Colleague: 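This structure is in structure tokens; I'll ask about it shortly.
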Amino acid sequence: MSTSAINQQGQVQTNAGTGADTITRSPRKAALASWIGSAVEYYDFFIYGTAAALVFGKIFFPSFDPAAATVAAFATFGGSVM
């Protein structure tokens, strides 16, 4: 049989069977992990947008006028975001 309790810090402590397992859940850890995930996602978005502006038009649309190639690259970028 398993028992669990929540202590004053909001941590869940579980005792299962003969061994004592402690599972700690912290809102601070969740917030930090969420912030790190958001920072990585923003970095990926920023790098992809920069590459769309500087590189993708020349690579994927070489027969277009340079301005039209940049617009086509941004349109592709906008389509991938939605």
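Heavy atoms only: backbone and side chains are in, while hydrogens, waters and symmetry mates are out. Predicted model only: the values in this text are computed from it and were never measured.
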Colleague: Can you see which heavy atom on Ala52 is nearest to which on Ala73, and at what distance?
Modeller: O-CB, 3.4 Å

Colleague: Under 3.5 Å, is there a donor-acceptor pair between the side chain of Thr76 and the main chain of Ala72?
Modeller: yes

Colleague: Using 30° and 60° as the class boundaries, would you call the ring planes of Tyr42 and Phe46 parallel, tilted or perpendicular?
Modeller: parallel

Colleague: Transitively linked via ILVMFWY side-chain contacts under 4.5 Å: Leu54 with Val71?
Modeller: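 Different hydrophobic clusters.
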
Colleague: Can you tell me how far CZ of Phe77 sits from OG1 of Thr50, rounded to the nearest 0.5 angstrom?
Modeller: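 Interatomic distance, Thr50 OG1 to Phe77 CZ, rounded to 0.5 Å: 8.5 Å.
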
Colleague: Just how far is it from atom CD of Glu41 to atom CG of Asp44, taken to the nearest 0.5 Å?
Modeller: 5.5 Å

